[in-house]
Amino acid sequence: MIENNICLLTDSYKITHHYLYPKGTERIYSYLESRTGAEFNRTVFYGLQYIIKKYLEGSVVDEDKVIEADKLIESHIGPDIFNFDDWMYIVNEHDGKLPVEIKAVPEGTPVNVGNVLMTVENTDNRLYWLPNYLESLLLQVWYPSTVATLSAEVKKLCDFYLNVTGSSKDNLDFMLHDFGYRGACSSEAAKLAGSAHLLNFSGTDTIPSLLIPKNYYNSDVIQGFSVQATEHSVMTALGPNHELKQAINVVKSAKDGILSIVIDSYDYKNFLINACCSGYELNNEIIGFLNKSEGNKIVFRPDSGDPVSTTLDCLEIMEEGFGTYKNDKGYKLFNSNIGLLWGDGLDYHKIRDILFAIKTENWAAENIIFGMGGGLHTSVTRDTQRNAFKCSAQRRNGEWFDIYKKPLDNSKKSKKGRLKLLKIGSDYKTVNIDDEGEDVLRTVFKDGDLLIDDSFENIKNRAKSYNLYPLKI
């Protein structure tokens with residue numbers, strides 16, 4: 001089988017549509033939106049350039065792919081179903097390039113839900129069936145867009161509590177660390193989700209995500225960073241009776257910089273007392289590590305239990321050992337070389353609960369950072385932001401017709417006509433393509449060519465504006 005055969009990157013039922021549209025159909029015009037009622041009020045559009053470069057750009061159809069697809073569909077659905085002639089027409093008349101035009105909002109832009117994000121239209125009248133044939137692939141932009149949106153909401157949440165508790169924002173870009181690679185459904189998904197997270201934060205353990213900005217978004221610099229850290233295979237290496245001996249070995253062996261230590265292998269309270277309170281050998285080694293270099297820092301990571309109560313327990317034990325001081329707003333702070341990391345089972349709501357709880361107990365938000373794995377990579381679905389790809393106009397025999405759906409569930413009502421996106425103040429509004437105003441949508445792909453080759457830095461700068469909008473409470 002040929003890898004990435006564009007003829008087969010669709011849903012089975014779409015194979016049959018070329019002979020089901022009305023006679024005289026010349027153009028199909030479809031659009032993507034995040035419907036009203038999404039989890040978050042805005043969607044950060046991201047990932048289309050990756051899809052175009054990997055799957056659509058250049059001569060992506062050849063005779064071998066068409067023949068392979070024809071044989072497969074004959075077995076899969078039946079004979080004379082696959083549109084062999086039109087695909088060969090693309091090979092012979094378009095040099096294997098896809099005759100469609102894709103317009104889209106600039107990637108990284110936070111658009112209020114209920115607005116068009118992308119449109120697709122064929123440019124060859126014979127190939128009217130092609131835009132919606134590509135829906136299955138193009139709609140997968142929902143995934144990096146939704147992860148980018150979730151990550152942006154968490155950053156806004158962190159920023160809010162840093163403000164409320166009078167905290168420094170020096171470490172804001174590292175308050176949410178990506179732990180999602182092992183929980184991702186594939187390496188491609190991990191790369192996309194991880195790179196979406198990097199639009200908002202700079203902390204990641206998903207190394208493959210670093211390849212997306214470099215390979216698909218024209219970035220010459222590394223976008224994500226990590227630290228030295230233990231896991232349970234390290235901390236339990238000498239068994240429960242010698243956990244502290246192994247912890248001492250870890251601290252002694254660590255390089256200068258930040259060291260994250262998982263503390264719940266057996267009893268996190270006992271571990272913290274030994275690590276934080278004077279008179280214990282582990283505490284002496286930790287103090288020695290912290291004093292060895294100005295940039296050295298220890299972060300303790302409880303990895304199980306109730307997120308709120310365990311976090312508060314840890315902060316109290318750490319305060320007993322290391323002491324605290326109060327900032328200008330009266331919230332307690334550790335010295336900058338000590339911190340706490342919660343990275344188990346987190347989602348947006350649990351992060352909010354932890355930040356609210358530590359504020360209530362008079363702790364500054366800058367004392368804690370978070371790690372999110374499955375909550376970042378796999379807790380989202382297409383329905384999180386209610387992403388939908390629908391046909392809104394068709395041209396038959398030279399005349400355009402508005403197309404739309406209006407089911408009894410009115411939240412699924414689709415738009416009609418050809419569309420443009422206007423920026424009005426801080427919001428966006430979808431209007432008819434013939435209305436006045438400058439269209440925010442740009443032609444990014446046409447007839448096999450990528451027309452806008454954006455940089456990750458540009459996209460990241462656009463995503464920063466997400467923090468200007470109200471926090472979801």
Side-chain angles (χ1 to χ4, degrees), residues 40 42-57 102-112 117-118 140-159 162 169-178 180-181 188-227 369 372 376-377 421 423 426 428 438-445 449-469:
F40 303 110
R42 292 179 182 272
T43 293
V44 179
F45 186 70
Y46 171 69
L48 178 61
Q49 185 167 300
Y50 167 84
I51 292 173
I52 290 173
K53 284 189 172 183
K54 186 170 180 65
Y55 297 104
L56 303 180
E57 186 180 20
I102 301 174
K103 292 183 177 181
V105 66
E107 293 195 34
T109 304
V111 179
N112 43 305
L117 298 170
M118 173 176 70
Q140 289 187 351
V141 76
W142 76 262
Y143 180 55
S145 295
T146 304
V147 174
T149 303
L150 170 60
S151 178
E153 283 286 346
V154 173
K155 188 170 187 180
K156 189 193 299 182
L157 186 66
C158 292
D159 185 72
L162 290 175
K169 296 187 181 181
D170 290 348
N171 202 44
L172 174 58
D173 285 349
F174 292 91
M175 277 192 75
L176 182 63
H177 203 87
D178 174 9
Y181 188 21
E188 183 179 29
K191 287 190 287 188
L192 276 174
S195 68
H197 172 72
L198 294 175
L199 292 177
N200 307 294
F201 291 95
S202 298
T204 184
D205 265 26
T206 303
I207 292 176
S209 70
L210 305 179
L211 304 177
I212 296 290
K214 293 182 70 67
N215 293 343
Y216 294 92
Y217 285 93
N218 305 300
S219 178
D220 293 327
V221 300
I222 297 298
Q223 298 289 337
F225 307 91
S226 191
V227 300
I369 59 175
M372 189 154 58
L376 183 66
H377 281 242
L421 183 68
K423 191 171 193 307
S426 61
Y428 293 86
E438 183 180 357
D439 194 357
V440 177
L441 304 179
R442 311 177 299 175
T443 299
V444 295
F445 177 87
D449 295 327
L450 180 70
L451 301 183
I452 296 177
D453 196 359
D454 217 338
S455 73
F456 197 81
E457 287 77 10
N458 285 341
I459 296 168
K460 192 171 183 177
N461 283 333
R462 293 187 197 109
K464 287 179 180 178
S465 65
Y466 198 96
N467 206 47
L468 301 177
Y469 302 105

Counting only heavy atoms not in I207, do more than 12 sit closer than 6.0 Å to its CD1 atom? no
Taking all non-hydrogen atoms of both residues, which atom of [X] and which atom of [Y] are closest, and how far apart?
| X | Y | answer |
| --- | --- | --- |
| I369 | N171 | CG2-ND2, 3.6 Å |
| A104 | L48 | CB-CD2, 3.6 Å |
| T109 | Y428 | CG2-OH, 3.2 Å |
| G194 | H377 | N-CE1, 3.9 Å |
| V44 | A463 | CG1-CB, 4.4 Å |
| F40 | L150 | CZ-CD1, 3.9 Å |

Check whether [X] reaches the backbone of [Y] with its side chain - one donor and one acceptor, N or O, closer than 3.5 Å.
| X | Y | result |
| --- | --- | --- |
| N200 | A148 | yes |
| S151 | V147 | no |
| S219 | V221 | yes |
| D454 | Y217 | no |
| H197 | G203 | yes |
| Q223 | L210 | no |
| S202 | G224 | no |
| D178 | D205 | no |

Under the side chain to side chain contact (heavy atoms under 4.5 Å, CB included) criterion, do V227 and H177 qualify, and how do the steps go? CA-CA 11 Å; V227 300; H177 203 87; 5.7 Å; no
Distance check, rounded to the nearest 0.5 Å: [X] atom [atom1] versus [Y] atom [atom2]?
| X | Y | atom1 | atom2 | value |
| --- | --- | --- | --- | --- |
| E153 | N467 | CD | CG | 9.5 Å |
| L451 | I52 | CG | CD1 | 8.5 Å |
| L199 | N461 | CG | CG | 10.5 Å |
| E107 | I459 | CD | CD1 | 4.5 Å |
| K155 | K464 | NZ | NZ | 7.0 Å |
| L211 | Y216 | CG | OH | 9.0 Å |

List the steps, then state whether side chain to side chain contact (heavy atoms under 4.5 Å, CB included) holds for T443 with I102. CA-CA 6 Å; T443 299; I102 301 174; over 6 Å; no
Any [X] side-chain heavy atom under 4.5 Å of [Y] side chain:
| X | Y | result |
| --- | --- | --- |
| Q49 | N218 | yes |
| T149 | R42 | no |
| S195 | P144 | no |
| K191 | T206 | no |

Could you please spell out the steps behind the side chain to side chain contact (heavy atoms under 4.5 Å, CB included) verdict for L176 and M372? CA-CA 7 Å; L176 182 63; M372 189 154 58; 3.8 Å; yes
According to the interplanar angle, ranging from 0 to 90°, do the rings of Y466 and Y469 count as parallel (below 30°), tilted (30 to 60°) or perpendicular (above 60°)? perpendicular
When you check the side-chain N and O atoms of Q140 and Y50, is any donor under 3.5 Å from an acceptor? no
